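Below is one structure, written out as structure tokens; the observations come after it.
Counting starts at 1 for both ligands and their atoms, following the listed order. Numbering starts at 1 and runs along the sequence shown. Just so it is clear, the structure is predicted and the values come from calculations on it, not from any experiment.
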Amino acid sequence: MLSYQEARDWLQQRARPLTLRQTVALPQAAGRVLAEPVEAGIDVPPHPNSAMDGYAVRCAELSGPLPVSQRIPAGADPQALQPGSVARIFTGAPIPAGADAVVMQEQATVDEAGLVSFSVAPRPGQNIRPRGEDIARGQCVIAAGRRLSPADLGLAASIGLAALPVLPALRVAVFFTGDELVEPGQPLAPGQIYNSNRYWLQPALQRLGCEVIDLGRVGDALEPTRQLLRDAAAVADVIVTCGGVSVGEEDHVRAAVEAEGELTLWQVAIKPGKPLAFGRVGEADFIGLPGNPVSGFVTLQTLVRPFLLLRMGLKPDEAAPARHRADFEWTRPDPRRSEFLRVRKVAGDGGWMLQLYPQQSSGALTSCAWADGLAWLAPGQAVSPGDELAYLPLDGQ
Ligand code: AMP
Ligand code: MG
């Protein structure tokens, strides 16, 4: 049996980051991984501009009321400020040459002759946003290998880029095995259960940034499973299946992968979890998750997620997990396996506390829906109230 850390390292060593590059328009680039660093070709803002609606002035000239020599709305290309005058100016408009401050309109009075005087003496530079205040030309504004956030896309637009070089989305084909599975919306016949895994796995993969190709369900039979593996390998970078990887005679995924490619099947010392299959079919990686919903969920979060992130060209977070105090007791630890308890982080007297979902059975999907994280226990680790535990957030999963 592999330890949790061994299985994780083993998988990560085999995660080949995508090498293809493509250029996509900004609206399509959200959530994609940037392939090359982005450098600014211009200063932002490209010209000094007014932070206020008011008057552009030369501070040294403000001994008495002055006439307004020009009007500068945003988007205008102003003339130099005439000596002995002020310019009416609006937020975002370029500062005219010769002006060194903007006085906000609330501090200005215009007399009947149209001359402007100010209630407060301005300081040079006041209310002027200098050229390059945000970004200097030549500066690297987005590092390669970063998943593009909404703010990153705004940043790219602010330096005039309409498209960005990104890695392609990782294509993940999924399918679900089991004669007992029925899709929600259908009536349940005796012996059947609903295919719940399909409905958390697909969005969980999408949220990671994968392009999911859902191939549906296959019964417990070798030939159809082999066929679906071939179909999956033809369209995907990674194949993820659910169920059928144990060693029972109704578990055909193992034999199907061995016939179509290569397979390594382990017992990983995690609870819930345990069986995890990894291999290759054609050019695609193969990952076989256990069918038990909570086992599959925890295995995806703890082992498969970092593999997929690396595969997508991202770096999984290697920082040590946060530690929070337990608000519960756990007296029957598994002596050989790391346990991932479904917990919730709540504000306590002296900081965050972890609450335990009372039903920790590996079939209880309610625990995953309730939890906002996993408390990670070492093999044999019992918990007393107040103990500090490693906490892995589920990030809205
Ligand atoms: P297996 O790994 O195929 O032996 O399945 C283990 C347990 O998980 C069995 O109780 C299955 O009925 C259940 N199971 C397998 N696949 C699913 C699924 N897609 N949705 C819900 N339960 C499942
Ligand atoms: Mg099964």
Side-chain angles (χ1 to χ4, degrees), residues 1-2 7 172-207 210 212-229 231-232 236 238-260 263-279 281 286-305 337 340 342 357 359-371 397:
M1 196 144 67
L2 288 186
V172 180
V174 296
F175 68 85
F176 303 84
T177 73
D179 285 335
E180 72 278 34
L181 300 179
V182 178
E183 294 306 312
Q186 306 298 314
L188 270 190
Q192 295 183 324
I193 60 165
Y194 287 117
N195 182 357
S196 55
N197 286 341
R198 188 176 187 184
Y199 297 90
W200 63 258
L201 181 60
Q202 184 167 353
L205 292 170
Q206 276 165 345
R207 194 169 295 193
C210 304
V212 179
I213 304 156
D214 186 345
L215 299 176
R217 180 195 76 92
V218 66
D220 293 310
L222 183 61
E223 277 313 315
T225 308
R226 287 182 62 171
Q227 180 61 49
L228 217 45
L229 283 173
D231 295 348
V238 180
I239 304 167
V240 177
T241 64
C242 241
V245 289
S246 307
V247 289
E249 54 199 57
E250 293 293 347
D251 294 314
H252 298 282
V253 174
R254 176 185 192 166
V257 178
E258 278 168 346
E260 297 293 333
L263 184 84
T264 317
L265 175 70
W266 309 293
Q267 305 289 309
V268 182
I270 62 172
K271 188 178 174 183
K274 208 155 161 197
L276 174 67
F278 181 81
V281 178
F286 168 83
I287 293 173
L289 294 175
N292 251 319
V294 184
S295 304
F297 184 88
V298 167
T299 305
L300 182 85
Q301 294 299 333
T302 54
L303 290 169
V304 179
R305 185 175 189 274
R337 299 195 276 168
F340 294 93
R342 275 75 69 217
Y357 190 72
Q359 174 55 272
Q360 293 283 324
S361 148
S362 69
L365 206 47
T366 43
S367 68
C368 300
W370 180 89
Q397 301 276 321

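The aromatic rings of Trp266 and Phe278 sit parallel, their planes meeting at an angle under 30°, below the 60° perpendicular limit.
For atom 22 (N) of ligand 1, the nearest protein heavy atom lies under 4.0 Å away.
Across all non-hydrogen atoms, the minimal contact from Leu263 to Glu258 is CB-CG, 3.9 Å. The minimum heavy-atom distance between Pro184 and Asn195, with the atom names listed, is CD-O, 4.5 Å. Shown here for Val218 and Pro224, the closest heavy-atom pair between the two residues is CG2-CB, 3.6 Å.
Each of the following atoms of ligand 1 lies closer than 4.0 Å to a heavy atom of Ile193: 12 (O), 21 (C), 22 (N), 23 (C). Close approach of ligand 1 to Glu180 (heavy-atom distance below 4.0 Å) involves ligand atoms 11 (C), 12 (O). Of all atoms in ligand 1, numbered sequentially from 1 with element shown, those under 4.0 Å from a heavy atom of Tyr194 are 20 (N), 21 (C).
From the protein, the heavy atom lying nearest to atom 5 (O) of ligand 1 is Gly291 CA, 3.8 Å. If you check which protein heavy atom lies closest to atom 17 (C) of ligand 1, you get Asn197 ND2, 3.3 Å. Scanning all protein heavy atoms for the shortest distance to atom 1 (P) of ligand 1 gives Gly244 N, 3.7 Å. Ranking protein heavy atoms by distance to atom 19 (N) of ligand 1, first place goes to Asn195 OD1, 2.7 Å. The protein heavy atom nearest to atom 4 (O) of ligand 1 is Asp251 OD1, 3.8 Å. Among protein heavy atoms, atom 10 (O) of ligand 1 sits closest to Asn292 OD1, 4.7 Å.
Ligand 1 is never approached by Gly178 to a heavy-atom distance shorter than 4.0 Å. In this structure, Ser196 is part of the shell of residues with a heavy atom less than 4.0 angstrom from ligand 1.
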For side-chain contact (heavy atoms from CB on, under 4.5 Å), just list the numbers for Ile270 and Thr299, CA-CA rounded to whole Å, side-chain angles, deciding distance to a tenth of an Å, and then say yes or no. CA-CA 8 Å; Ile270 62 172; Thr299 305; 4.0 Å; yes

What's the verdict on side-chain contact (heavy atoms from CB on, under 4.5 Å) for Leu181 and Phe176, showing C-alpha distance, side-chain angles and the deciding distance? CA-CA 9 Å; Leu181 300 179; Phe176 303 84; 4.2 Å; yes

Take Val257 and Ile239 through the test side-chain contact (heavy atoms from CB on, under 4.5 Å) and record every step on the way to the result. CA-CA 11 Å; Val257 178; Ile239 304 167; over 6 Å; no

For the pair Leu205 and Val174, evaluate side-chain contact (heavy atoms from CB on, under 4.5 Å) and give the outcome as yes or no after the intermediate values. CA-CA 10 Å; Leu205 292 170; Val174 296; 3.5 Å; yes

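Annotation: salt bridge (charged side-chain N to carboxylate O under 4.0 Å, His left out) contacts involving residues 180-195, sequence neighbours excluded, comprise Glu183-Arg198.
Contact annotation for Leu181 and ligand 1: only side-chain heavy atoms (C-beta onward) come within less than 4.0 Å of the ligand.
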